[in-house]
> 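One structure, as structure tokens, below. Some questions next.
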Amino acid sequence: MIDTHCHLSMVVDEDNKIDYAKLDEILRLMANNGVSDAITIGSNLEDSLVSFEIAGKYSNIYCAVGIHPEEVESFDFERLENIVKENIRTGKLVAIGEIGLDYYWRKDNKEEQIKIFKQQIELAKQYNLPIVVHCRDAYGDVLEILKEYAPYNAGGVIHCYSGSIEWAKEVIKLGFLISFTGVVTYPNASNIQEVAKWVDMDKFMMETDSPFLTPVPFRGKKNNPSYVVYTAKYIAELKNKKIEEIDNITTNNAKKLFKLK
Ligand code: NI
């Protein structure tokens, strides 16, 4: 199984430095639970560089670089493009993300968010990389922008999917996958559970978004990529499938999208 979205750059010690001892431990937990690979996702420029550094240390960790809509202040297109240009050939940089719109936290800078989202879509297309999209309370605008830039030869994913079935149909039509976090296991998430029940096996992937959004039965504890299996088990039950089938197909979906070896 692959955790297609986590934030390993947040695994830090008291001095805010990457805690490699803790990361080693997380990699052991992953191996114990049959989680073969993880993709660590950038949120801002510094974080993207750290993500890339972590991916360089472990053969089964890959990274995405990008500016999250909550971090638009730190946006520097030239620097981001240089990071992509310098590292694209390593095979470790597998996507641009996470990028998108978030009107839950801020509505006052919508235009800035939209501009930066669009610039990063263009960058991804230029380097033929998939995009990892964050969408919160911004379904209309995100869909409009995604349509504007279609087609996507390298594809993409709507991460931490929490929209409707109707909206999912629209993005799947554009060639996107959706991915589920531990939120789907929460009792109040019946709308997401309906989407998970409905979605075709070749159109979704698994993720943790760790250290956030820990799945049941560990809700309340800090999340890590090894817990992705609990979300997958939950979805297997929802879809009335064997866990092995969810594992095989979502792993293939992720390998195909991110072109993992
Ligand atoms: Ni995230």
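These numbers come from a predicted model, not from an experiment.
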> May I ask you to decide whether E194 forms a salt bridge with K197, counting only side-chain N to carboxylate O separations under 4.0 Å?
yes
> Quick one: does V133's side chain get under 4.5 Å of E98's, heavy atoms only?
no
> E70 side chain to D102 main-chain N or O, any donor-acceptor pair under 3.5 Å?
no
> Has K259 got more than 12 heavy atoms of other residues, nucleotides or ligands less than 6.0 Å from its NZ?
yes
> When you measure from the side chain of D247 to the backbone of M1, do you find a donor-acceptor pair of N or O atoms at a distance under 3.5 Å?
yes
> Does anything in residues 41-96 pair up under ring pair (Phe, Tyr, Trp, His ring centres under 6.0 Å), and if so which pairs, sequence neighbours excluded?
H68-H134
> I want to check a possible cation-pi pair here: R136 against Y103, using under 6.0 Å from ring centre and within 45° of the ring axis as the test.
no
> Side chains of I131 and L146, heavy atoms from C-beta outward: is any pair under 4.5 Å?
yes
> Within the distance-only criterion (no hydrogens, no angle test), does the side chain of N253 pair as donor or acceptor with the backbone N or O of M201 below 3.5 angstrom?
yes
> Less than 4.5 Å apart, side chain to side chain, heavy atoms only: is that true for N33 and Y230?
yes
> CD of E111: more than 12 outside heavy atoms within 6.0 angstrom?
no
> Quick test of your reading of the model: are E148 and K118 salt-bridged, counting only N-O distances below 4.0 Å?
yes
> Do T214 side-chain atoms and N223 backbone N/O form a donor-acceptor pair below 3.5 Å?
yes
> Cut-off 3.5 Å, side chains only: do N82 and E86 have a donor facing an acceptor?
no
> Is the shortest heavy-atom distance from the side chain of F204 to the side chain of S179 under 4.5 Å?
no
> So do L45 and V65 actually touch side chain to side chain, heavy atoms under 4.5 Å?
no
> Regarding K125 and the six-membered ring of Y149, is the cationic atom NZ or CZ under 6.0 Å from the ring centre and inside 45° of its axis?
no
> Please check this pair: side chain of K203 against backbone of I172, looking for a donor-acceptor N/O pair closer than 3.5 Å.
no
> Is a donor from one side chain sitting under 3.5 angstrom from an acceptor on the other, for S9 and D47?
yes
> Under a plain distance cut-off of 3.5 Å, with no hydrogens placed, do D3 and Y227 share a side-chain donor-acceptor pair?
no
> Going from CH2 on W167 to OG on S162, what distance comes out if it is rounded to the nearest 0.5 angstrom?
9.0 Å
> Inspect the surroundings of CG in N240 and state if more than 12 heavy atoms from other residues, nucleotides or ligands are less than 6.0 Å away.
no
> Any heavy-atom pair between the side chains of S59 and K261 that's under 4.5 Å?
no
> Nearest 0.5 Å, please: how far is CD1 in I249 from CD in E244?
11.5 Å
> Would you check if V94 and L129 make a side-chain contact, meaning some heavy-atom pair closer than 4.5 Å?
no
> First locate atom CZ of R28, then atom OG of S226, and finally report the distance between them rounded to the nearest 0.5 Å.
12.0 Å
> Determine, for E144 against K147, whether the closest basic-nitrogen to carboxylate-oxygen distance falls under 4.0 angstrom.
no
> With no hydrogens and no angle check, just 3.5 Å: does a side-chain donor-acceptor pair link S48 and N44?
no
> Okay, side chain of K92, backbone of A55: is any donor-acceptor separation there less than 3.5 Å?
yes
> Carefully, step by step, assess C135 and F117 under the rule side chain to side chain contact (heavy atoms under 4.5 Å, CB included).
CA-CA 11 Å; C135 174; F117 182 28; over 6 Å; no
> Would you call E46 and R79 a salt bridge, taking side-chain N to carboxylate O under 4.0 Å as the test?
yes
> With R106, which of E71, E112, E73 fulfils salt bridge (charged side-chain N to carboxylate O under 4.0 Å, His left out)?
E73
> Do V132 and I96 come within less than 4.5 Å of each other through their side chains, counting heavy atoms only?
no
> Does OH in Y104 sit with more than 12 non-hydrogen atoms of other residues, nucleotides or ligands closer than 6.0 Å?
no
> Quick one: do the D209 and T181 side chains pair a donor with an acceptor below 3.5 Å?
no
> Under a plain distance cut-off of 3.5 Å, with no hydrogens placed, do Q193 and Y234 share a side-chain donor-acceptor pair?
yes
